[in-house]
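By convention in this document, chain letters (A, B, ...) are assigned in the order of the sequence lines, proteins followed by strands, and residues within each chain are numbered from 1.
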There are 2 protein chains.
Amino acid sequence: MRHVAALAGVGVKTVSRVINGEPNVSAATIAKVEAAARTLDYQPDLHAGNLRRADGRTRTLGLLVGSVDNPFSGAVHRAVEDAALARGVSVFASSLDDDPDREQEAVSAFLRRRVDGLILTTISESQAYLAPELRRGTPVVFVDREPAGLTSDAVVSDNADGAALATRHLLEQGHRRIAYLGDRHDIQTARERHRGYLDELGRAGVSTRGQQIIEGLHNEATSRAATLALFDAPNPPTAIFSSQNLVTIGVIRALRELGRQHDTALVGFDDVPLGDLLDPGVTVVAQNPQEIGRTAAERVFARLDGDISAAARTIVPTQLLERGSGEIAPRAEG
Amino acid sequence: MRHVAALAGVGVKTVSRVINGEPNVSAATIAKVEAAARTLDYQPDLHAGNLRRADGRTRTLGLLVGSVDNPFSGAVHRAVEDAALARGVSVFASSLDDDPDREQEAVSAFLRRRVDGLILTTISESQAYLAPELRRGTPVVFVDREPAGLTSDAVVSDNADGAALATRHLLEQGHRRIAYLGDRHDIQTARERHRGYLDELGRAGVSTRGQQIIEGLHNEATSRAATLALFDAPNPPTAIFSSQNLVTIGVIRALRELGRQHDTALVGFDDVPLGDLLDPGVTVVAQNPQEIGRTAAERVFARLDGDISAAARTIVPTQLLERGSGEIAPRAEG
DNA sequence: TGTCGCCTTGACAACGATGTCATCGATAGG
DNA sequence: CCTATCGATGACATCGTTGTCAAGGCGACA
């Protein structure tokens, strides 16, 4: 900036005024400064300015998602980015990998860079460590999973309800042996989906004792192996509820290998890419990651704009997409 | 930091020393400072430090990809993030949307935030506007698409070769009417893939005059419509080469609607999620986005570490994955 | 013509950190 | 016992920018 000022023959403050479009600069001066800035390819240093600026905003957001190469995360990320772009805000994105250490590291990296707000998917047992930052006024919005040990805005799917919906759908087809294949129990949404499944069985008066319930599945490989094991054991289920997109894919692979994709019902939680093109089509309880991301970004910006209402939990509805796999009738007993 | 210093009863410089682990601080002082920092939940301001620091590094990278919710982009992003994480570097990610204005905006946002390096997928006709930044010493690595009007590192797939491979594969099955469904011509890789397709036909002595060549397809919808139109016209192709993942998906949808997925061969460029689970499986020339991202990040960090060798173009091999759709024989003429 | 006020401009301090350098005390060597 | 050396520490300038404030010039108005 001093160089631009020197070249234009004006003071640095005047350059600052021109760059920021402040009033009360003569047209001639503006022209001189702009010419000099172009000549030197000057780009203002946002962070230096931020150091002194009254509002202390870095126009930067920290986003922590499951993994930037997961389709759900990608959709959330895209929605957040679009909302941020409209306000000239850049987004730091990180992958959580459901690792508490990564969570801490990522959040710490965001805070050291003085992001204006945080949009977080978390895995740690408690997010109480964010309390001081919240007090300092940094908006924190939790996405996908609700926070623990801390009260702040959250934007989530209705996990228990969605799981109940999936379970009810299978019950309605006449299934009574509905296996549950779920993610790790330290994941809040996995617990909720498990609960929704159990509750719905209870409401239908179906015993949960005889059901095969497998938790701790976290990727395609473990899910596939678990499914194969199910059918290697006596009394395999006639239907499966899988609680997560990667788990669903693992189930699909296993059913195909066993040639049972047409005689075993399957409903997945969270949509699967090209799920409508498979045979059978994959029935899922679809979440709405775009809406989740958009809403979360809106919350952050509303907070930054001064909204001091109580922390709110926004629930984004899920939707049952019937595509075939969930409408398979139970096998005749034998 | 002044607060920490005050609470610990030491000077700010001493706090700085403790935070940065510099030598020559007594154990007692270190303890006092660390206690004070914990009490106040102190997080150093990386940007303030960077202003004065000798190396001028923000430990920040700018990444511009097609779209953060495209699977190819997501994989590149993830690989870059992993490499960055190992060095304590955070990543700004933005979506290009093949819009030159977005490119300019994103790059400008990165530069104003003084990123240490850029990893870019570009759409503008020329990236000459980056020359001053390059001269300033900022490493710029182009991914997926090669730069124009500027020489810098690039990490790309062998697009022409891969397209030729796909085309040759279809020729080898006996096809002679192989439609080309391609992306917009202003996209460098689309031009390369088109060229590879034409070259291979030429090498095989197959006339390109009779081939149906449709360009300008950019998403599922336009690709699906174009495919439907192909089969609505006389003399539809017996095989299709689609040059991009979304285009491939559009073709698959259209072929299904027409019930021709089993009598029309299809090879796509770039892999499609769950492509192996469809019926028929989707034969593709798969790229290796993880490797592209990893290599690009390595180049940036090598440059930051002082590598001043000439700009290099790294080619990441593609791989033909035969899954069924590409191995369909031509229909009997009639 | 003098006063007032507005427009334009720049000098200066400050933001939160680090690089440089000086100071102080203790320890070792002669 | 004196001095050279080294470890520990803090004062101060500085990074690139913006907020504050004062000064100079000019036109309007009485």
Side-chain angles (χ1 to χ4, degrees), chain A residues 1-34 36-37 40-60 88 108-109 111-116 133 136-138, chain B residues 1-34 36-37 40-60 88 108-109 111-116 133 136-138:
Chain A
M1 186 141 159
R2 35 183 2 103
H3 300 113
V4 177
L7 181 58
V10 301
V12 287
K13 178 65 210 194
T14 299
V15 175
S16 168
R17 273 190 267 258
V18 173
I19 297 292
N20 295 294
E22 289 174 32
N24 299 332
V25 185
S26 75
T29 306
I30 292 180
K32 274 192 302 183
V33 171
E34 286 181 343
L40 299 176
D41 284 294
Y42 171 73
Q43 293 267 12
D45 184 325
L46 229 53
H47 296 120
N50 177 64
L51 207 52
R52 188 69 174 87
R53 210 188 327 273
D55 66 5
R57 298 278 166 84
T58 53
R59 307 191 81 68
T60 277
S108 179
L111 295 181
R112 280 196 299 268
R113 289 177 176 81
R114 297 293 187 266
V115 296
D116 295 336
E133 196 58 31
R136 218 165 275 148
T138 307
Chain B
M1 185 143 159
R2 35 182 4 103
H3 301 112
V4 177
L7 181 57
V10 302
V12 287
K13 179 64 210 193
T14 299
V15 175
S16 168
R17 273 189 267 259
V18 173
I19 296 294
N20 296 294
E22 288 173 34
N24 299 335
V25 185
S26 74
T29 306
I30 292 180
K32 274 192 301 181
V33 170
E34 286 181 343
L40 299 177
D41 283 294
Y42 172 72
Q43 293 269 11
D45 185 324
L46 229 53
H47 295 120
N50 176 234
L51 208 51
R52 188 68 172 87
R53 210 190 325 273
D55 66 5
R57 297 279 166 84
T58 54
R59 307 190 82 66
T60 278
S108 180
L111 295 181
R112 280 196 298 268
R113 288 176 176 80
R114 297 292 186 266
V115 297
D116 295 336
E133 196 59 30
R136 220 166 274 150
T138 308

Practice task
Round to a whole Å and report the spacing from CZ of B:Arg112 to P of D:dT17.
Solution key: 12 Å

Completion exercise
Walking DNA chain D from its 5' end, the first of B:Val10 and A:Pro44 to be reached, judged by nearest nucleotide, is B:Val10

Problem - Upstream residue (5' side of DNA chain D) when A:Arg2 and A:Ala54 are each assigned their closest nucleotide - result: A:Arg2

Exercise for the section: Whole angstrom is fine here: how far is it from CG in A:Leu40 over to P in D:dG16? Expected result: 14 Å

Problem - D:dT18 OP1/OP2 closer than 4.0 Å to side-chain N/O of A:Ser16 - result: yes

Problem - Spacing of CD1 belonging to A:Ile19 relative to CE belonging to A:Met1, to within rounding of 0.5 Å - result: 7.0 Å

Practice task
Measure from OH on A:Tyr42 to P on D:dG16 and round the result to the nearest Å.
Solution key: 10 Å

Handout entry: Rounded distance [0.5 Å steps], CZ in B:Arg57 versus CZ in B:Arg114
Key = 14.5 Å

Handout entry: Distance, nearest 0.5 Å, that separates CG of A:Asp45 from CG of A:Asn50
Key = 9.5 Å

Problem - Distance in Å, B:Arg53 CZ paired with B:His47 NE2, rounded so as to fall on 0.5 Å steps - result: 10.0 Å

Fill in the blank from the handout: In whole angstroms, the gap separating P of D:dC15 from NE2 of B:His47 amounts to 19 Å

Problem - Between D:dG16 (P) and B:Arg113 (CZ): distance, integer Å - result: 19 Å

Problem - side chain to side chain contact (heavy atoms under 4.5 Å, CB included) assessment of B:Thr29 paired with B:Arg17 - result: CA-CA 10 Å; B:Thr29 306; B:Arg17 273 189 267 259; over 6 Å; no

Problem - CZ-OG1 distance between A:Arg113 and A:Thr60, expressed to the nearest 0.5 angstrom - result: 10.5 Å

Practice task
Using only heavy-atom distances, decide whether a donor-acceptor pair under 3.5 angstrom links the side-chain of B:Arg52 to the base of D:dT14.
Solution key: yes

Exercise for the section: May I have the distance from A:Asp45 (atom CG) to C:dA17 (atom P), rounded to whole angstrom? Expected result: 16 Å

Practice task
Give me the residues of residues 17-33 of chain A where at least one heavy atom lies under 4.0 Å from an atom of DNA chain C, by number, or none.
Solution key: A:Arg17, A:Asn24, A:Val25, A:Ser26, A:Thr29

Completion exercise
Of the candidates C:dC15, D:dT17, C:dT18, the side chain of A:Met1 sits closest to D:dT17

Exercise for the section: Starting from C1' on D:dG16, measure out to CZ on B:Arg136 and report it in whole angstrom. Expected result: 14 Å

Practice task
Report, as yes or no, whether the 6.0 Å neighbourhood of atom CZ on B:Arg2 holds more than 12 heavy atoms from other residues, nucleotides or ligands.
Solution key: no

Fill in the blank from the handout: Rounded to whole Å, the CG-P distance (A:Asn50 to D:dG19) equals 11 Å

